[in-house]
Amino acid sequence: MIILLMGVSGSGKTTIGKLLADSLEWEFRDADAFHSPENVEKMRRGIPLSEADRTPWLQDLQTAIKHWLQENKNVVLACSALKDSYRQFLLLDSDRIKLVYLKGSYELIQKRLQERHNHYMSDKLLNSQFYTLEEPLDTISMDVAQPPQVIVQNIRTALGI
């Protein structure tokens with residue numbers, strides 16, 4: 001199974017993803033690691049990515065997901081997946097890929113981003129993240145105001161794992 005944790009930057013995808021993967025003894029992967037150095041530099045400078053910037057990144061992610069499915073790997077993947085079209089591109093097998101939306105208010109996420117250090121995504125891009133976000137309708141949604149361990153347990157309960 002692949003659990004795709006989605007949400008805006010600062011929603012806790014990496015924190016929750018690592019905790020969830022550890023609790024399940026699964027592999028954790030962060031979609032940020034699939035970005036080109038050029039994309040990372042743009043985001044570091046506060047420049048939103050264009051669709052042309054995102055396309056190779058999404059293709060690389062889809063290739064990795066296909067490989068994980070073929071290998072029957074259990075993976076927790078942290079990925080913004082802000083638009084429905086991105087999610088449709090990545091959710092190749094609805095039986096084996098589960099989407100979990102980490103949802104938080106603008107104010108909470110902004111506070112987190114302002115307190116975060118040593119990460120290329122700053123609060124400068126938060127407006128564009130929320131503007132781009134197309135909230136998924138039929139998926140597991142978690143309130144990120146809860147403590148991380150509670151979120152992890154709620155995800156496991158919702159997925160029955």
Crowding at CD, Glu25 (>12 non-hydrogen neighbours, <6.0 Å): no
Residue set satisfying side-chain hydrogen bond (donor to acceptor under 3.5 Å, both in side chains) with Lys18, at least two apart, ordered chain then number -> none
Quick note, salt bridge (charged side-chain N to carboxylate O under 4.0 Å, His left out) partners involving residues 55-66, not counting sequence neighbours, are none
Show, in sequence, the C-alpha distance, side-chain angles and deciding distance for Thr55 and Phe89, and conclude whether the side chain to side chain contact (heavy atoms under 4.5 Å, CB included) test is met. CA-CA 10 Å; Thr55 299; Phe89 190 73; over 6 Å; no
Verify side chain to side chain contact (heavy atoms under 4.5 Å, CB included) between Val144 and Arg112, making sure each step is shown before the conclusion. CA-CA 11 Å; Val144 299; Arg112 287 182 176 182; 3.9 Å; yes
query: Heavy-atom distance under 4.5 Å between the side chains of Lys83 and Arg54, does that happen here?
result: no
ask   = Going only through I, L, V, M, F, W and Y residues with side-chain contacts under 4.5 Å, is there a path from Leu126 to Ile47?
value = no
The reported gap from OG1 in Thr139 to CG in Leu99 (rounded to nearest 0.5 angstrom) is 3.5 Å
So the salt bridge (charged side-chain N to carboxylate O under 4.0 Å, His left out) pairs with at least one residue in residues 125-137 (sequence neighbours excluded) are Lys103-Glu135
ring-ring contact (aromatic ring centres under 6.0 Å, His included) pairs touching residues 54-73, sequence neighbours excluded, are His35-Trp57
Within one Ile-Leu-Val-Met-Phe-Trp-Tyr cluster: Leu92 and Phe34, side-chain cutoff 4.5 Å: yes
d(Lys13 NZ, Leu4 CG) to nearest 0.5 Å is 10.0 Å
Report yes or no: does Arg29 contribute a side-chain atom to a donor-acceptor pair with the main-chain N or O of Val75 at less than 3.5 Å? no
In this structure, CG of Leu49 is separated from OG of Ser36 (nearest 0.5 Å) by 8.0 Å
Requested in this report: For residues Ile109 and Phe130, determine if any side-chain heavy atom of one lies less than 4.5 Å from a side-chain heavy atom of the other.
Outcome: yes
In one Ile/Leu/Val/Met/Phe/Trp/Tyr side-chain cluster, 4.5 Å: Val150, Leu5: no
Residue pairs meeting salt bridge (charged side-chain N to carboxylate O under 4.0 Å, His left out), one or both in residues 92-101, sequence neighbours left out, come to Asp93-Arg96
Leu20 vs Phe28, side chain to side chain contact (heavy atoms under 4.5 Å, CB included): CA-CA, chis, key distance, verdict:
CA-CA 9 Å; Leu20 180 60; Phe28 171 77; over 6 Å; no
Between Gly10 and Leu113, the two heavy atoms sitting closest are CA-CD2, 3.8 Å
Output for pair (Leu61 CG, Leu90 CG), nearest 0.5 Å, gives 6.0 Å
Report task. Could you walk me through whether Gln129 and Tyr106 pass the side chain to side chain donor-acceptor pair (under 3.5 Å) test, one step at a time? Result -> CA-CA 10 Å; Gln129 290 258 305; Tyr106 183 93; over 6 Å; no
d(Leu91 CG, Ile97 CD1) to nearest 0.5 Å is 5.5 Å
Minimal heavy-atom distance between Ser11 and Leu102, with the atoms involved, is CB-O, 3.6 Å
Under a 4.5 Å cut-off applied to non-hydrogen side-chain atoms, are Gln62 and Leu58 in contact? no
Between the CG atom in Leu24 and the CE atom in Met1, the distance rounded to the nearest 0.5 Å is 9.0 Å
State, without any angle test, whether Asp53 and Ser50 hold a side-chain donor-acceptor pair at a distance under 3.5 Å.
yes
Residues pairing under salt bridge (charged side-chain N to carboxylate O under 4.0 Å, His left out) where one sits in residues 138-161, two or more places apart or in two chains, turn out to be none
Scanning both residues in full, the closest heavy-atom pair of Val152 with Ser23 reads CG1-OG, 3.8 Å
| Just wondering, do Ile155 and Ile16 contact through their side chains at under 4.5 Å, heavy atoms? | yes
